[in-house]
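Reviewing the structure listed below.
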Amino acid sequence: MLWYVAYGSNLHRDRFLCYLAGGRPAGAARTYTGCRDPRPPAADRPVLLPGGIYFAQTSPVWGGGVAFYDPSLPGLAPARAYLLTTGQFSDVLAQEMRRAPTADLDLSPALATGRQTLGPGRYETVLNPGDLDGHPMLTFTAPHTAAEAALNPPSAAYLAMLAGGLHASHGWSPRQVTAYLMSRPGALGTVRP
């Protein structure tokens, strides 16, 4: 078992469950196939990661920029940890890369060194920010930092999904959510870190 740590639209549990069981999240332009093991997470909880998120690239699902995690940014990134099997984590990552879930990943490099590059894709850099209750926490992000990225503002639909996830997982007020999201590199009105 491991904790998949979500910091973007998968903060929203209902949206994330589409990765596990299959389906189309509200507001998304894509239907997910689901995992080979469609069971819900064994547990989930709010967590804070050292660093922050930024918005870059363009999402074919949402339009506009998407969130990426950069541990070198100042501050803390609110996230949601889901307790999954290695197979489920592998399948979620495959779906993020628009691949069919087929096999469990060997995550031993990420567990040993804290970082593993699976390929050049937008979510093929696996990071291990530590352990939680005896299980490793793993997340995936882009291979570049916020300072190296071509920043791009997120769409209103994507921001709404993140806002709902931040409220549901961390109990943040609309004011807290807005202040946080608009302060992130790549959001409208922000500059590079």
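Throughout, numbering of the chain's residues begins at 1 and tracks the sequence. It should be emphasised that the depicted structure is a prediction, and the values quoted were computed from it without experimental measurement.
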Check for a donor-acceptor pair, side chain of Asp91 on one end and backbone N or O of Arg36 on the other, with a separation under 3.5 Å.
-> yes
Main-chain N/O of Met1 paired to Thr85 side chain as donor or acceptor, under 3.5 Å | no
Pair Arg80, Ser169: side-chain N/O donor-acceptor within cut-off below 3.5 Å = no
Does Ser9 reach the main-chain N or O of Leu162 with its side chain, forming a donor-acceptor pair under 3.5 Å?
-> no
Report yes if some heavy atom in the side chain of Leu93 is under 4.5 Å from a heavy atom in the side chain of Val126; otherwise report no.
-> yes
Gln176 (side chain) donor-acceptor with His167 (main chain) under 3.5 angstrom | no
Going by atom types only, do His170 and Tyr180 share a side-chain donor-acceptor pair under 3.5 Å?
-> no
Main-chain N/O of Gln57 paired to Asn152 side chain as donor or acceptor, under 3.5 Å | yes
Distance-only polar pair, side chains of Thr141 and Asp70, donor-acceptor under 3.5 Å | no
Would Glu96 and Tyr19 count as having a side-chain donor-acceptor pair, cut-off 3.5 Å?
-> yes
Give a yes or no on whether the backbone of Arg115 and the side-chain of Thr113 come within a donor-acceptor separation of less than 3.5 Å.
-> yes
Could you walk me through whether Asn10 and Tyr4 pass the side chain to side chain donor-acceptor pair (under 3.5 Å) check?
-> CA-CA 10 Å; Asn10 284 339; Tyr4 160 54; 3.1 Å; yes
Is Trp3 reaching over with its side chain to a backbone N or O of Leu132, donor-acceptor style, under 3.5 angstrom?
-> yes
Would you say the side-chain atoms of Gln88 pair up with the backbone N or O of Asp37, donor to acceptor, closer than 3.5 Å?
-> yes
